[in-house]
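Report on the following structure.
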Amino acid sequence: MSLNFWKPGATGPGSNLDRDSQTEENVLTSAPFYSSSSYSLQSIQAQREHLPIFKHRDKLLYSIEKYGVNIVVGQTGCGKTTQLPQFLREAGWASDGRVIACTQPRRVAATSVAARVATEVGTTLGAEVGYTIRFEDVSSKEETRILYLTDGMLFRETLVDPLLSRYSVIMASSSISLSSCVHQYSNSFKVDEAHERSVYTDLLLGVLKKIRRKRPTLRIIVSSATLDASTFLEYFTSAMSPEEAAVVSLEGRMYPVEVAYLCEPTPDYVGKAAEVAWNINLQQGPGDILVFLTGREDIERCLEELSEFIPLSPPHVTRLAPLALHAGLTTDEQLQVFVPAEIGTRKVIVSTNIAEASVTIEGIKFVIDCGFVKIRIYNPTTALASLATVPISVASATQRAGRAGRTSPGICYRLYPLSLFNSLPSVTPPEITRTDMTTAILQLKSIGIDDLMKFEWLTAPPAESVLRAFEGLFAAAMIDDRGHLSVVGEQVAECPVEVGIARMLFQSKEFQCGEEILTIAAMTTVQDVFIIPDGAPGALAELQRRKFTAEEGDHLTLLNAFNAFSRYGRSSTWCKAHALSFRAMSRAVSIRSQLKKYMQRFKLPLDSCEGDAKRLRRCLVSGYWRNGARWVADGTYRSVRGDKILHVHPTSVLFTRKPRSGWVVFHEMEETKKTQ
DNA sequence: GAGCACTGC
């Protein structure tokens, strides 16, 4: 069996397409994290000096002194995130109580990078070096000089301190770039580069640009992937201030990744992926395989097809150990992919995009890339969100390929022709262009950015999306008819939940059910509470859920599940037995206690409705009245707004039931295969 | 009768 791939040679077309980005350097990978005690300070210093960024130290510091905004471009692992804040501190940017902030798009990234840097600086985590993420503040107002935090956290700080006055330098990472970062669950679970810009990254950069005008001493550093650098440069420079920003480029060492393309497009990338993986096993030397597919369904089918090859295996051929990786798995299941394969066995990890941005697995030598990704799309005209399978960007394809070259040279098999690669968009459209903007606009208003036409967006959200958000805010009485924030709007802007939930919390005073609404608010905020078992239909999960099922619907079912979880000691084994996600439940506990603080601050009573479901339901309606729908005889629903035909989602308890009154309020509306 | 990319406050 031939692979039927075409490999562009050194002189072939496409060989210079993205040569530098198809290879990845690998510098820090041998340094384990939390074992700092085994390292002398001297060897840490030696390691630091070994990083590619070290020889750029003076160049960087000079440029930061000179330019207000620096866009730093460097390969994964060059040490930007860990070293640059230290250089700045050593150069005096953290003197006189000033703080150097470094934002990260992920919680894990913020905590693990902070831990690493604390070790390098020789301080306790939370003293001179600290981190702040939702639910966890390991920093000290007096002592902390280098602070790692999620971009959402720093954006939130602008609500309290609009000029972010305690910071001298703010380094915003639009990508996570550290090659040796240890995850809390395992010492091989690593965080790596993510190209996507979150809504918060965009809002934060917009606010920072504004702050720079009022406070020119503030320095901004944008850590960027190569493909985004010019976007940032153009954003920060203008005819008025051509000297405002500069790009600093850091080259690094890397392992080459050879890229192979299919000669013809394939109609079935799932089957092809299985076939290619099997051929790699027959024809190539040792090294694990990472397959990128779009979702759970694809992954399960691919694993099935792979298992059909296995009995055909010639006796002396390496055994294949197929594994799935997606966010729906439990933590234990996810951790399986990090367990090294036994001798004579090769792992094939079939994964969603989670392995592109959030998770790095060591030992991957072969990557198979289907060329697609599922992204969430929001249609502001219909206010419908949907998941769409779309071609990936060049940046994604590059990132995926790079997964093969972390520890040695590798090969990436793209399941599409080179001609298709050449037609891919360079980056995925930023989240701000494809998401509901209601909360974001409320928060912008709350920090005094009232005229959104004047706000300098890095990428503007679609006009219709802004309009839809205004409409929603007005209907919820968050703004008045002139677009000004109301008193309750001001308070709701502070709450870290969506507007409907916040409204519900505020209304609970009237219906005397704060205690229960608080739980429902927390439970609706976390997703994937009920585990759907692998393979066959969700019959088992449904059966388990019946124990919690409330005739009144999903909100009360969630309430029952949470209360039962609390009653039985919040244990993970109990969760397992009842097909509940322990991760989701624990998160609900944290969110609940955080929201409780907001309720106390706003003097909202925590009354219990004492089992009076009617009061609860009325409170739910007061928050979500715009999401009303009525049952019709054919089993579908009609929305109150727009009279649209709606179907109950299979994950709802009402999927198999008819509402007694004939009316429902729904939490969200999504476009699926069913409605298309 | 039918569905589950991924974060973050």
Side-chain angles (χ1 to χ4, degrees), chain A residues 103-110 132-137 149-159 176 191 194-204 292-300 324-329 351-359 370 372-377 385-390 392 396 428 430-431 434-435 439-440 442-443 446 492-498 501-502 525-534 536-539 541-542 581 584 587 590-591 594-595 598 634-636 647-652 654-657 670-676:
Chain A
T103 73
Q104 294 291 309
R106 303 264 195 283
R107 294 159 51 90
V108 223
T132 309
I133 58 177
R134 188 180 184 181
F135 309 128
E136 256 182 275
D137 182 8
L149 69 181
T150 44
D151 45 17
M153 244 3 229
L154 188 58
F155 181 71
R156 193 152 278 277
E157 197 167 331
T158 61
L159 292 172
I176 310 168
V191 179
H195 290 275
E196 320 303 338
R197 267 156 44 196
S198 73
V199 173
Y200 282 123
T201 314
D202 278 32
L203 294 183
L204 188 63
F292 284 101
L293 295 178
T294 60
R296 178 174 174 157
E297 206 180 318
D298 278 2
I299 290 171
E300 281 168 8
L325 178 63
H326 54 82
L329 298 174
S351 171
T352 61
N353 220 31
I354 194 171
E356 181 188 314
S358 304
V359 165
C370 77
F372 289 92
V373 66
K374 265 188 200 170
I375 58 169
R376 211 184 165 78
I377 291 178
S386 61
L387 277 177
T389 303
V390 299
I392 56 171
S396 271
T428 311
E431 194 191 3
R434 47 186 174 84
T435 194
T439 309
L442 182 67
Q443 290 182 338
S446 168
V492 165
E494 283 184 51
C495 300
V497 283
E498 57 182 83
I501 304 258
T525 302
V526 299
Q527 61 262 62
D528 304 323
V529 171
F530 297 101
I531 288 173
I532 301 160
D534 240 2
E542 172 61 23
S581 159
R587 198 165 162 76
S590 303
I591 293 175
Q594 188 194 26
L595 294 181
Y598 283 94
D634 63 0
T636 64
H647 302 265
V648 179
H649 197 274
T651 52
S652 166
L654 288 181
F655 187 65
T656 51
R657 290 170 185 81
E670 201 162 88
E671 195 173 345
T672 65
K673 283 178 195 153
K674 172 89 181 167
T675 45
Q676 273 158 17

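Chain naming here is simple, since letters A, B, ... match the order of the sequence lines and numbering starts at 1 in each. Every heavy atom of this structure was used, including side-chain atoms; hydrogens, water molecules and symmetry mates were not.
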Atom of A:Gln443, atom of A:Leu159 and distance for their closest heavy-atom approach:
O-CD2, 4.1 Å
From B:dC4, B:dC9, B:dT7, pick the nucleotide closest to the side chain of A:Leu387?
B:dC4
State whether A:Thr352 places a side-chain N or O below 4.0 Å from either non-bridging phosphate oxygen (OP1 or OP2) of B:dC6.
yes
Which residue, A:Val373 or A:Pro496, contacts DNA chain B at a nucleotide closer to its 5' end, judged by nearest heavy atom?
A:Val373
Counting only side-chain N and O atoms of A:His649, is one of them less than 4.0 Å from OP1 or OP2 of B:dC4?
yes
B:dC9 phosphate, OP1 or OP2, under 4.0 Å from A:Arg107 side-chain N/O
yes
Between A:Thr150 and B:dC9, does any side-chain N or O lie under 4.0 Å from OP1 or OP2?
yes
Flag as yes if A:Phe655 stacks onto the base of B:dG1 (centroids under 5.5 Å, planes under 30°), otherwise no.
yes
Partner set under ring-ring contact (aromatic ring centres under 6.0 Å, His included) for A:Tyr598, not counting sequence neighbours:
none
From the list B:dG3, B:dC9, B:dC6, which nucleotide is the closest neighbour of the side chain of A:Tyr200?
B:dC9
For A:Gln527, answer base if it contacts any base atom (sugar-phosphate contacts may also be present), sugar-phosphate if it contacts only those atoms, and nothing otherwise; contact means non-hydrogen atoms under 4.0 Å.
base
Any base atoms under 4.0 Å from A:Thr439, or only sugar-phosphate, or nothing? Heavy atoms, all strands.
nothing
Among residues at least two apart in sequence or on other chains, which ones pass side-chain contact (heavy atoms from CB on, under 4.5 Å) with A:Ala440?
A:Val199, A:Leu203, A:Met437
